[in-house]
Amino acid sequence: MKDISIDLPVKAVFSAKECLWFLNRGFDDCIYTVYPDKVRRAFQYKDELMLTDIYITTKCLRISWLTSEPSSQAIDYVKTFVVNWFDMNKDLQLFYNKLSQNTALAYMPSSYLGLRFVGMPDIFEALSWAIIGQQINLTFAYKMKRRLVERYGTSVKYENEKYYLFPSPETIALAKIDDLRGMQLSHKKAEYLITAAKAIAAGEISKKILLEQPDFPSRIKLLTNFKGIGRWTANYVLMKSLKEPSCIPHGDAGLIKALINHSILKEKNDLSAMNDLFDNFKGWESYLVFYLWRSLA
DNA sequence: TCCCAGGGCATCA
DNA sequence: TGATGCCATGGG
């Protein structure tokens, strides 16, 4: 097959090392495979199933197709996805200026230089992941995600390996609670996941609809109207799939731990200190959360 | 055994 | 609107 690859330039500063570190930070995500210099991932555009290697360097991302020759629309789809996935068009300087002004966080611009907000462009995957990962340890959450994906997701075969796509909402909408319980999802989580799948399959939740809302609070409200989507999940989904800049997943265990580590919070319920901090990061709240999560490693 | 983990809901005042 | 109890299950 003809070698198809394209290069996507990145805005300074971009750290391949930091972004790859995030993807491979000790957890087993079944949706992609991380190598020292690249990440392998399957995509689907309409009926086209594809497998790609995405080489990550400081200057560009090179997407290389391993399977059948993609259509031009499929290439555009993957390009857009990858730009979104690695938040490649963002200029981080303003964020770094704000970090530098905070004594406890001033080390971050040099320590995590070029770390991009690695997102989850597929809103159903983001929502499912938020529901699965609620209130349980991440290692176990990734196990359940793998069970779900291997049971319901389609896959691309390449060199005797299967590379999975996250299942469609239409598929999960038809799943039975007992089947999901068999994967060790709690009864509630099984319910929430099916509810979310139905809402997306029915077009009640989509990135387009969320973007059409007049403001951020309306987007949160739209999501939290569904059972199983609370304030934490709504913020998480908006930051991961829409790159909404001002999300704060209130109550997040990792966020609180990071803030206590930095002596910004004295105790869990120190809400005023948390509000004071985020007040100084207007427009960059999601990035701040991401960097604080990074600090937990 | 106990506490925690990238919460959410129902109930109650 | 905010506090409380419950759900659920692996990991340390």
Side-chain angles (χ1 to χ4, degrees), chain A residues 21-31 112 115-120 122-148 166 177-199 205 217 220-262 264-265 267-272 274-275 277-278 281 285-297:
Chain A
W21 172 85
F22 177 80
L23 292 175
N24 200 30
R25 65 196 187 291
F27 296 112
D28 169 42
D29 197 313
C30 53
I31 292 300
Y112 309 143
L115 171 64
R116 298 287 163 155
F117 190 112
V118 181
M120 217 178 262
D122 174 359
I123 192 169
F124 181 53
E125 183 185 348
L127 187 46
S128 304
W129 176 234
I131 291 167
I132 293 170
Q134 284 169 11
Q135 190 60 19
I136 56 171
N137 73 73
L138 283 177
T139 305
F140 179 50
Y142 277 103
K143 279 186 192 168
M144 289 199 289
K145 180 178 179 183
R146 178 173 286 282
R147 288 178 191 142
L148 184 79
F166 197 79
I177 287 191
D178 282 348
D179 293 338
L180 300 179
R181 289 281 295 132
M183 296 172 189
Q184 287 182 284
L185 271 80
S186 68
H187 192 91
K188 291 285 183 196
K189 283 188 183 186
E191 275 180 14
Y192 298 162
L193 186 58
I194 291 171
T195 301
K198 284 180 176 168
I205 297 175
I220 294 285
K221 181 86 178 99
L222 189 150
L223 288 170
T224 52
N225 278 336
F226 291 88
K227 212 168 183 177
I229 306 181
R231 209 162 54 134
W232 178 87
T233 303
N235 276 279
Y236 184 87
V237 167
L238 290 178
M239 71 160 73
K240 289 295 273 187
S241 71
L242 282 186
K243 293 288 161 62
E244 177 89 43
S246 297
C247 298
I248 307 171
H250 294 275
D252 181 90
L255 173 60
I256 291 168
K257 188 195 278 183
L259 290 173
I260 290 175
N261 288 348
H262 286 83
I264 293 169
L265 254 62
E267 52 171 358
K268 269 179 123 175
N269 298 323
D270 196 357
L271 286 181
S272 67
M274 189 158 145
N275 291 335
L277 172 70
F278 281 106
F281 282 85
E285 292 92 332
S286 301
Y287 251 93
L288 178 56
V289 170
F290 193 73
Y291 271 55
L292 285 165
W293 281 338
R294 169 66 179 90
S295 76
L296 291 171

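Note that the structure is a prediction, hence the values are computed from the model and not measured. The sequence lines fix the lettering, A, B, ..., with proteins before strands; numbering per chain opens at 1. The analysis underlying the following values was restricted to heavy atoms, covering all of them including side chains, and did not include hydrogens, waters or symmetry mates.
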Enumerate the residues from residues 221-230 of chain A whose closest heavy atom to DNA chain C is under 4.0 Å, giving them by residue number; use none for an empty result.
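Result for residues 221-230 of chain A: none.
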Both conditions, 6.0 Å and 45 degrees, for the charged tip of A:Arg294 above the ring of A:Tyr291: are they met here?
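No.
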Using whole Å, what does the distance between atom [atom2] of nucleotide [N] and atom [atom1] of [X] come to?
X        : N      : atom1 : atom2 : result
A:Lys145 : C:dG10 : NZ    : C1'   : 19 Å
A:Leu138 : C:dG12 : CG    : C1'   : 14 Å
A:Arg147 : C:dT9  : CZ    : P     : 11 Å
A:Ile132 : B:dA5  : CD1   : C1'   : 15 Å
A:Arg231 : C:dT1  : CZ    : P     : 13 Å
A:His250 : B:dG8  : NE2   : P     : 12 Å
A:Phe140 : C:dG12 : CZ    : C1'   : 15 Å
A:Met144 : C:dT9  : CE    : P     : 9 Å

Which heavy-atom pair separates [X] from [Y] by the least distance, and what is that distance?
X        : Y        : value
A:Trp232 : A:His250 : CD1-O, 4.0 Å
A:Glu125 : A:Lys145 : OE2-NZ, 2.9 Å
A:Leu255 : A:Pro249 : CD2-O, 4.0 Å

Check every strand shown and say whether A:Lys189 touches a base, only sugar-phosphate, or nothing at a heavy-atom separation below 4.0 Å.
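Nothing: the residue A:Lys189, judged by heavy atoms under 4.0 Å, touches no strand.
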What's A:Arg294 touching, base or sugar-phosphate or nothing? Going by heavy atoms closer than 4.0 Å.
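Result for A:Arg294 = nothing.
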Taking the P atom of each, how far is B:dT11 from C:dA8, in whole Å?
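It comes out at 16 Å once rounded to the nearest Å.
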Mind checking the P distance from B:dC9 to C:dG10? Whole angstroms is fine.
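Approximately 23 Å lies between the P atom of B:dC9 and that of C:dG10.
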Going through the checks in order, is the side chain to side chain contact (heavy atoms under 4.5 Å, CB included) test met by A:Met274 and A:Ile248?
CA-CA 10 Å; A:Met274 189 158 145; A:Ile248 307 171; 3.9 Å; yes
Identify the pairs formed between an N or O of the protein and an N or O of nucleotides 4-8 of chain C at a distance under 3.5 Å, and give each distance.
none

Could you walk me through whether A:Asn261 and A:Lys257 pass the side-chain hydrogen bond (donor to acceptor under 3.5 Å, both in side chains) test, one step at a time?
CA-CA 6 Å; A:Asn261 288 348; A:Lys257 188 195 278 183; over 6 Å; no
Does a side-chain N or O from A:Thr139 land closer than 4.0 Å to OP1 or OP2 of B:dA5, or not?
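For B:dA5, OP1/OP2 do not have a side-chain N/O of A:Thr139 under 4.0 Å.
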Applying ring-ring contact (aromatic ring centres under 6.0 Å, His included) between A:Phe22 and each of A:Phe117, A:Tyr112, A:Phe27, A:Phe290, report the one that passes.
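Result for ring-ring contact (aromatic ring centres under 6.0 Å, His included) with A:Phe22: A:Phe290.
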Given C:dG10, B:dC9, B:dG7, identify the nucleotide with an atom nearest to the side chain of A:Tyr192.
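Selected nucleotide (nearest to the side chain): B:dC9.
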Any heavy-atom pair between the side chains of A:Gln184 and A:Phe140 that's under 4.5 Å?
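Yes - at least one pair of side-chain heavy atoms lies under 4.5 Å apart.
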Can you tell me if NZ on A:Lys243 sees more than 12 non-hydrogen neighbours from other groups inside 6.0 Å?
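It does: A:Lys243 NZ has more than 12 such atoms within range.
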